[in-house]
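Working notes, structure below.
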Amino acid sequence: MTSLKALGGTSDILPDQARRWQRLEESARRLMDLYGYEEIRTPLIEEASVFTRSLGDAAEIVTKQMYLFEDRGGRRVALRPEGTASVVRAFVEHGLDKTAGLARFYYVGPMFRAERPQAGRRRQFHQLGVEVFGSMSPYQDAEVVELLMHLLEKWGIQGAVLRLNNLGCQQDRPKMLEELKKYFAQDYNNLCPDCQQRLKVNPLRILDCKEEKCRLVSQGSMASSKWLCPSCQEHFQQVMKVLDALGIDCEWDQYLVRGLDYYTKTAFEVIHPGLGAQNALGGGGRYDDLVEALGGLPTPAVGFAVGLERILMALEEKEAGSSELSPRPSVFVAPIGEASLSEGLKLLGALRAAGIPGVMDYEARPLKRQLEQANKLGCRVVLMLGDVERDKKIVLLKDMASGAQIEAPQDVWLETLQKILKPVS
Ligand code: AMP
């Protein structure tokens, strides 16, 4: 019988790796608390229209990448390909558009996109994102960007590059699309087939194309931002000014559009040059019209999402060989013979009560085998207890680093152990 495997583009996270994930998430949660962002958890599965209405029918995520199916009740449902649409749906569904005033959320969890798997591109991947509702202020855009940069710094990411662009508001969009259409129509034959299609549906996305020939054509297309209204221009300048005041380096990239249709005004992206083809760590922007588009009151909003697999990839080299990443149970309880199992259990309970991580062998294997096992697990100390020790009213402690064996009287074994475990200063 053939053995079963995880689906392509999905991965198991085994304990060694799970430890890295926990560290990432824990430090992120601490930072979110510090900035006053609260966690929101939404379902992984939604009515498909949550995404088609938010991201736009023409967005590649919707047309090519969304896991879409009919459930048993005949409803069209989708696995969430991103977090923002669900958070907005929840925000409106719970009437927060009417009551919340300013609301700052964050989420962490898996997203699903049917992409061709490759390094840094998975079908199930994880994002941490933030969404802020109720502020039009450029200071809020800057806070969100600053939070992303702070997060990367906390995680130890170095060399990340931040790029920003101004995409204008809904009033600016028709003019912008019309000008881009005119511009690209002149060079129609030099565009890739996908971009020829994009020209009909959404010429803005041509700016995002990775094909060299399309990039060449794009150059010059945004040379003037004349279609942007004064208020959008002013907003963008303010964002840049605040970021400058916060000491955050960034580049204005006129060709940055991001993959989703809902962005207005500020859009940004952070890349990591060391990551190869899939080098975007995260990105986001303002989406002032989305809450209303999903049936809520007009509510300005801004957010970002960062891909956790890519963060871990970027950190991989730095972490290589770091033992700090895999703290192991520090104590191994090795009962010698069946008769000592229940006493072993008592020792184990006492360890845990004292907050010392410990494991025990319940099979009453020969001591030599138990010591091998303790060694494999990287335990610092082995507690040994058999008939001899019981008669002598002691517990035998083996310091695995030095090999020394200490006979500790039964009433002070825990203190003796704690002395061995104490880090040498
Ligand atoms: P997006 O929602 O497309 O703006 O993506 C935000 C971030 O999520 C990206 O910068 C990546 O770090 C990550 N990401 C997006 N798609 C994938 C994927 N298929 N596999 C792994 N990470 C991804």
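Atoms within a ligand are numbered from 1 in the order they appear, just like the ligands themselves.
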Considering only non-hydrogen protein atoms, determine which one is nearest to atom 13 (C) of ligand 1 and report residue, atom name and distance to 0.1 Å. Gly307 CA, 3.6 Å

How close do Lys398 and Gly403 get, counting heavy atoms only, and between which atoms? NZ-O, 3.7 Å

So which protein heavy atom does atom 21 (C) of ligand 1 come closest to, and at what separation? Gly120 O, 3.3 Å

Atoms of ligand 1 under 4.0 Å from any heavy atom of Ala305, numbered from 1 in the order shown, are 6 (C)

N or O pair under 3.5 Å between Val306 and ligand 1: no

Starting from atom 19 (N) of ligand 1, what is the nearest protein heavy atom, named by residue and atom, and what distance separates them? Glu115 OE2, 2.6 Å

Identity and distance of the protein heavy atom lying nearest atom 1 (P) of ligand 1: Arg113 NH2, 3.6 Å

Shortest non-hydrogen contact from Ala78 toward Phe51: CB-CD1, 4.0 Å

Under 3.5 Å donor-acceptor, His272 side chain and Ile157 backbone: no

Return the option from Thr84, Leu128, Leu281 holding the heavy atom at the smallest distance from atom 12 (O) of ligand 1. Leu281

Would you mind running through ligand 1 and noting each atom that sits below 4.0 Å from a heavy atom of Ala280? 9 (C), 10 (O), 11 (C), 12 (O)

Identity and separation of the nearest protein heavy atom to atom 20 (N) of ligand 1: Arg122 N, 2.8 Å

So, do Glu146 and Ile248 sit near enough that their side-chain heavy atoms are less than 4.5 Å apart? yes

Sub-4.0 Å atoms of ligand 1 with respect to non-hydrogen atoms of Arg258: 1 (P), 4 (O)

For a quick test of reading the model, state the closest non-hydrogen atom pair linking Tyr107 to Val130 and the distance between them. CE2-N, 4.3 Å

Taking NZ, NE, NH1 and NH2 as the nitrogens, is one of them in Glu39 or Arg29 under 4.0 Å from a carboxylate oxygen of the other? yes

Hey, does Gly283 come in under 3.5 Å of ligand 1, counting only N/O atoms on both sides? no

Among all the protein's non-hydrogen atoms, which is closest to atom 5 (O) of ligand 1, and how far away is it? Gln127 NE2, 3.3 Å

Between Phe91 and Phe133, how do the two ring planes meet: parallel, tilted or perpendicular, split at 30° and 60°? parallel

Consider ligand 1: state whether an atom of it lies below 4.0 angstrom from any non-hydrogen atom of Glu309. no

As an exercise, identify every atom of ligand 1 less than 4.0 angstrom from a heavy atom of Phe125. 14 (N), 15 (C), 16 (N), 17 (C), 18 (C), 19 (N), 20 (N), 21 (C), 22 (N), 23 (C)

Under 4.0 Å between a side-chain nitrogen and a carboxylate oxygen: does that hold for Arg258 and Glu269? yes

Under a 4.0 Å threshold between the charged nitrogen and the carboxylate oxygen, would Glu47 count as salt-bridged to Arg76? no

